[in-house]
Amino acid sequence: MVSTPLPPTVGFDLDMTLIDSRPGVRACYQALAGRTGTYIDAELAVSRLGPPLEDELAHWFPADRVAEVADLYREMYPVYAITPTPALPGAREAIAAVRDAGGRAIVVTAKYEPNAKLHLAHLGIGPDAVIGGLWAEQKALALREHDAAVYVGDHVGDVRGARTAGALSVAVASGPCDAAELRGAGADAVLTDLTEFPRWFSDYRTGYRSDN
């Protein structure tokens with residue numbers, strides 16, 4: 001008797017993969033600068049989204065203040081960042097493509113998990129699980145736990161996370177890393193954005209069935 005393969009679990013990054021967090025993050029950094037009296041180039045900060053918040057704050061605050069300011073930023077974030085942040089084109093359709101195939105869609109992000117969940121709830125996007133606070137290779141912890149076959153992200157760190165987990169790396173050039181950087185980092189597939197994901201996923205599923 002030939003067993004039927006289970007539909008795959010697909011992981012998605014959040015910032016600049018599913019959501020355009022730049023307007024909200026910009027507003028929060030501007031408010032943080034006003035609250036702390038410390039200059040922050042918000043435009044520069046939002047041009048390099050992906051790594052943990054503490055990495056960005058280290059450019060603007062002394063090392064002994066980063067943890068404290070990170071806590072303040074996360075506390076302020078729901079007030080300033082949720083409402084201005086839209087879903088990126090194709091985000092809902094990408095999640096739906098996985099669900100329609102009987103698979104599970106999870107979000108694995110470096111963002112503080114409660115704030116990640118606020119974004120998704122505000123936009124009406126309901127993945128099967130949301131795991132926050134993981135960056136680059138650390139994302140492999142959640143991807144392995146959920147047996148993800150594919151991880152979709154916009155940053156070379158996401159490519160590293162997928163490869164560390166043994167998952168297929170699908171990169172979208174909608175964030176700070178261009179297509180050449182993503183390919184150079186070892187992405188298995190590079191898409192312009194998530195609008196191309198349903199067709200890619202359909203092709204992947206066809207191959208997935210035939211290979212199994």
Can you give the donor-acceptor pairs under 3.5 Å from side chains of residues 21-28 to other protein atoms, not counting sequence neighbours?
from : atom 1 : to  : atom 2 : distance (Å)
S21  : OG     : D15 : OD1    : 3.0
R22  : NE     : D20 : OD1    : 2.8
R22  : NH2    : D20 : OD2    : 2.9
R26  : NE     : E43 : OE2    : 2.8

Show me, pair by pair, the donor-acceptor contacts under 3.5 angstrom made by side chains of residues 76-87, not counting sequence neighbours?
from : atom 1 : to   : atom 2 : distance (Å)
Y77  : OH     : K111 : NZ     : 2.9
Y77  : OH     : H119 : NE2    : 2.6
T85  : OG1    : A81  : O      : 2.6

For residues 88-95, dump all side-chain donor-acceptor pairs below 3.5 Å to protein atoms at least two apart in sequence or in another chain.
from : atom 1 : to   : atom 2 : distance (Å)
R92  : NE     : L123 : O      : 3.4
R92  : NH2    : L123 : O      : 2.7

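Contact check for V170 versus D188: no side-chain heavy atoms found under the 4.5 Å cut-off. Considering only heavy atoms from C-beta on, V98 stays 4.5 Å or farther from V150 through its side chain. In this structure the side chain of V156 reaches within 4.5 angstrom of the side chain of C177, judged on heavy atoms. With a 4.5 Å cut-off on side-chain heavy atoms, V10 and I106 do not count as touching. Side-chain contact check for L18 versus L194: some heavy-atom pair is nearer than 4.5 Å. Looking only at side-chain heavy atoms (C-beta outward), K117 and V107 stay at 4.5 Å or farther from each other. In this structure the side chain of L134 never reaches within 4.5 angstrom of the side chain of T109, judged on heavy atoms.
Of all non-hydrogen atoms in A165 and R144, the two that sit nearest each other are CA-NE, 3.8 Å. Here the closest non-hydrogen pair linking A167 and A148 is CB-O, 3.6 Å.
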Legend entry - side chain to side chain contact (heavy atoms under 4.5 Å, CB included) evaluation trace for I40 with F61: CA-CA 9 Å; I40 300 172; F61 294 90; 3.9 Å; yes
Inset, instruction - Before giving the answer on side chain to side chain contact (heavy atoms under 4.5 Å, CB included), spell out for L182 and D178 the whole-Å C-alpha distance, their side-chain angles and the decisive distance to 0.1 Å. - result: CA-CA 6 Å; L182 295 165; D178 64 24; over 6 Å; no
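For residues 12-33, the pairs satisfying ring pair (Phe, Tyr, Trp, His ring centres under 6.0 Å) are F12-F197, Y29-Y73, with sequence neighbours left out. Sequence neighbours left out, the pairs with a member in residues 126-141 that pass salt bridge (Lys or Arg N to Asp or Glu O under 4.0 Å) are D13-K139, R99-D128, E137-R160, K139-D158. For residues 127-174, the pairs satisfying ring pair (Phe, Tyr, Trp, His ring centres under 6.0 Å) are W135-H155, with sequence neighbours left out.
Other residues, nucleotides and ligands contribute only 12 or fewer heavy atoms inside 6.0 Å of the OH atom of Y112. For R48, the CZ atom is densely surrounded, since the number of other residues' heavy atoms within 6.0 Å is greater than 12.
Residues E68 and R74 are not paired through a salt bridge, judged by the lack of any N-O separation under 4.0 Å between the basic side chain and the carboxylate.
Taking CG of N115 as the reference point, atom CD of E75 lies at 10.5 Å (rounded to 0.5 Å). Atom CG of residue D41 and atom CD of residue Q30 lie 10.0 Å apart, to the nearest 0.5 angstrom. If you take CG on L191 and OG on S174, they are separated by 9.5 Å, rounding to the nearest 0.5 Å.
With hydrogens and angles left out, the side-chain atoms of D154 and T17 include a donor and acceptor closer than 3.5 Å.
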